[in-house]
Amino acid sequence: MKRDLRQKFVVGNWKMHTTATEAMQLARAVVDGIGIDGMGVKEDDRVFVMICPPFPYLALVGEILKGSRVLLGAQNLYPEKEGAFTGEVSPTMLLDLGCKFVILGHSERRHKLGESDAFINHKVRVALAAGLDVILCVGETLEQRKANQTEALLDRQLTCGLADVPADTLIRLSIAYEPVWAIGNLEHHATPQQAQDAHAVIRRRFAQMFGEKSAQALAIQYGGSVKPDNAAALLCRDGVDGALVGGASLIADQFLAIVLAAISASRTKRKSA
Ligand code: PGA
């Protein structure tokens with residue numbers, strides 16, 4: 001899809017939450033909150049907003065999002081077009097349901113479901129080839145951070161996760177930096193400086209892999225306990241191009257407050273540019 005890649009991009013990852021009724025109510029509240037005029041925001045400084053409900057509610061939520069500015073994304077896929085893969089969901093099915101994006105390599109899939117870098121890489125390549133835009137999540141554990149391994153870990157997850165990705169699909173790829181220790185965690189939050197530093201590491205590595213021009217065009221979102229009270233400080237940092245929001249995306253008012261913070265960060269940036 002066509003968008004300014006570095007325009008602020010706020011994504012709600014609902015994970016394995018909501019009933020069908022709750023999913024519809026939440027989607028409706030987000031759509032109504034943003035409104036057709038984009039919260040009264042002028043055309044030129046719109047942020048991109050997406051929600052990623054659980055698979056069973058994609059169709060229901062997709063109906064509600066139709067005609068709105070809110071995009072539909074999926075939380076995962078299986079990297080085959082079709083076949084005997086009981087319980088799995090293909091890229092074709094996601095596209096069929098109106099999904100534009102898929103989140104891949106989320107830390108919960110890496111750490112709780114044992115997904116390897118190689119498997120994630122396979123998914124990234126298949127998703128991009130199928131025509132989906134991809135958000136690839138990377139991030140270190142607390143132990144890795146304490147042992148000063150953050151940079152090496154990000155390097156490995158990017159090198160493996162993006163191996164053999166064709167250069168002409170890079171415009172449909174974003175990275176989400178999600179330190180594992182900050183996800184769903186009220187005690188450990190990444191500071192804006194920690195987020196900015198990690199984003200710079202990711203952009204540097206990306207430049208080594210794909211060239212400076214691609215790295216400058218790359219959107220890097222921050223994820224890990226983004227809430228209304230810390231969103232503005234994170235989103236105004238250099239190189240923080242958006243937010244991947246878990247817990248706070250389940251409460252419409254909180255998610256909308258984060259979208260507003262992204263709008264004002266993008267306005268400030270534009271004024272100072
Ligand atoms: P959180 O989740 O906002 O609840 O920390 C973020 C994520 O896992 O994408």
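Any value given below was found using the heavy atoms of this structure, including those in side chains, with hydrogens, waters and symmetry copies removed. Atoms within each ligand, like the ligands themselves, are counted from 1 in listed order.
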Tell me which part of I183 gets within contact of ligand 1: side chain, backbone, both or neither, using heavy atoms under 4.0 Å. both

Is [X] close to ligand 1, meaning an N/O of one under 3.5 Å from an N/O of the other?
X    : value
S225 : yes
G247 : yes
H106 : yes

Out of E108, K123, H106, which residue meets the side chain to side chain donor-acceptor pair (under 3.5 Å) rule with N76? K123

Do L26 and F255 have side chains that get closer than 4.5 Å, going by heavy atoms? no

Residues [X], [Y]: salt bridge by 4.0 Å N-O rule:
X    : Y    : result
R203 : D241 : yes
E115 : R110 : no
E151 : R204 : yes
D133 : K100 : no
R125 : D164 : no
E63  : K66  : yes

Which of the ligand 1 atoms, numbered from 1, are nearer than 4.0 Å to a heavy atom of [X]:
X    : value
N13  : 9 (O)
L244 : 6 (C), 9 (O)
G224 : 5 (O)

Students should be able to answer this: which protein heavy-atom is nearest to atom 3 (O) of ligand 1, and at what distance? G246 N, 2.8 Å

When distances are taken from atom 9 (O) of ligand 1, the protein heavy atom at minimum range is E178 OE2, 2.8 Å

If we only consider heavy atoms of K227, is any one of them less than 4.0 Å away from an atom in ligand 1? no

Which residue from G184, G12, A182 reaches closest to atom 5 (O) of ligand 1 through any of its heavy atoms? G184

